[in-house]
Amino acid sequence: MRIVNSSRKVIGIQGKTLLPGEKLTLKQGEEQHPMIQFYLKQGILSDADSERKISFDSNIHQAEREKIEKEAIERYKKEQAEYQEAKEKKEAERKAIQGMKKKELLKKAVEMGIECKDSDTEEILKEKLIWC
């Protein structure tokens, strides 16, 4: 029997270190060892040759598992869209700041509560506004 470490932790079997996702071939009868059986039941180990893998969520109905997967995908897509939107907004702000003159930059800095000096050049003001 070939087993695979299905957990996220390093485990020791037969004095060997088994990393997550790593496979190990057991000798005939070793799969009956109580610790191996416990790991298989808990989903820490899986049968590498079997198409049906034992896992922690094996008691979750397939429809529920699909629902969870769909929600996770939707949440990921939403987060990516929000990230992209924030990135585009920040880029638009940066471009707007790059086109401003010193008076406009000072006014924007005061609105944002950024401390400025009369000696600050346009470039310094732009950097302050972009990084805040």
Side-chain angles (χ1 to χ4, degrees):
M1 173 182 200
R2 288 180 5 145
I3 56 172
V4 62
N5 182 353
S6 302
S7 72
R8 294 183 182 178
K9 299 186 184 233
V10 177
I11 58 174
I13 296 196
Q14 301 174 341
K16 297 176 186 170
T17 302
L18 196 60
L19 299 173
E22 193 172 15
K23 295 177 183 176
L24 176 70
T25 303
L26 298 174
K27 295 177 185 167
Q28 185 68 27
E30 287 182 332
E31 66 271 1
Q32 298 305 319
H33 189 280
M35 203 65 213
I36 304 260
Q37 288 296 310
F38 175 77
Y39 283 162
L40 287 168
K41 286 178 186 172
Q42 291 296 312
I44 297 169
L45 293 176
S46 301
D47 183 354
D49 300 324
S50 173
E51 289 198 20
R52 181 180 173 271
K53 305 286 185 213
I54 300 171
S55 64
F56 286 110
D57 61 349
S58 62
N59 59 348
I60 298 175
H61 189 272
Q62 181 65 26
E64 183 67 20
R65 190 174 302 133
E66 289 172 1
K67 179 183 173 190
I68 292 169
E69 289 172 0
K70 184 179 177 183
E71 289 172 354
I73 291 169
E74 288 174 6
R75 187 172 53 247
Y76 173 77
K77 287 180 180 178
K78 181 181 175 189
E79 289 171 358
Q80 289 300 310
E82 289 172 354
Y83 171 76
Q84 188 64 30
E85 184 179 318
K87 185 178 173 183
E88 290 170 0
K89 182 180 176 184
K90 187 71 173 171
E91 182 64 22
E93 286 178 19
R94 188 189 67 75
K95 286 182 179 179
I97 289 170
Q98 289 295 335
M100 291 181 180
K101 299 294 180 195
K102 188 170 182 176
K103 278 187 175 183
E104 296 169 308
L105 292 168
L106 285 169
K107 183 178 177 184
K108 178 117 174 129
V110 169
E111 289 173 2
M112 294 176 70
I114 299 172
E115 216 174 288
C116 297
K117 300 174 188 171
D118 290 334
S119 61
D120 287 348
T121 63
E122 273 188 32
E123 292 304 315
I124 292 172
L125 290 170
K126 287 178 183 179
E127 287 296 318
K128 285 182 178 182
L129 290 171
I130 288 173
W131 293 105
C132 291

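Just so it is clear, the model here is predicted, and its values are computed rather than measured.
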Shortest non-hydrogen contact from Val4 toward Gly21: CG2-O, 3.4 Å
Single-linkage hydrophobic cluster Leu106~Met112, side-chain heavy atoms < 4.5 angstrom: yes
Nearest heavy atoms of Cys116 and Leu125, plus distance in Å: SG-CD2, 3.5 Å
Test log, rule salt bridge (Lys or Arg N to Asp or Glu O under 4.0 Å), inputs Glu91 and Arg94: CA-CA 5 Å; Glu91 182 64 22; Arg94 188 189 67 75; 2.6 Å; yes
Minimum side-chain heavy-atom gap Lys101-Lys103 below 4.5 Å: no
Side-chain donor or acceptor of Lys90 paired with backbone N/O of Ile130 under 3.5 Å: yes
Rounded distance [0.5 Å steps], CD in Glu82 versus CD in Glu85: 7.5 Å
Value rounded to 0.5 Å, distance of CD in Glu123 from CD in Gln98: 6.5 Å
Euclidean distance, Met35 CE relative to Phe38 CZ, rounded to 0.5 Å: 5.5 Å
Test salt bridge (Lys or Arg N to Asp or Glu O under 4.0 Å) applied to Asp120 and Lys128, Lys102, Lys126, the passing residue: Lys128
Minimum side-chain heavy-atom gap Glu79-Arg75 below 4.5 Å: yes
Candidate list Thr17, Asn5, Leu18, test side chain to side chain contact (heavy atoms under 4.5 Å, CB included), partner Val10, passing option: Thr17
Value rounded to 0.5 Å, distance of CD1 in Ile44 from CD1 in Ile11: 6.5 Å
Glu115 atom CD: more than 12 heavy-atom contacts under 6.0 Å: no
Test item: Gln84 and Gln80 side chains (from C-beta on) under 4.5 Å apart, heavy atoms: no
Side-chain heavy-atom pair Glu30, Ile3 within 4.5 angstrom cut-off: no
Rounded distance (nearest 0.5 Å) linking atom CG of Leu45 with atom CD1 of Ile36: 6.0 Å
Neighbour count above 12 (heavy atom, 6.0 Å) for Glu74 CD: yes
Point-to-point distance, once rounded to the nearest 0.5 Å, from CG of Leu19 to CZ of Arg8: 15.5 Å
Donor-acceptor contact below 3.5 Å, side chain Glu31 vs main chain Gln37: no
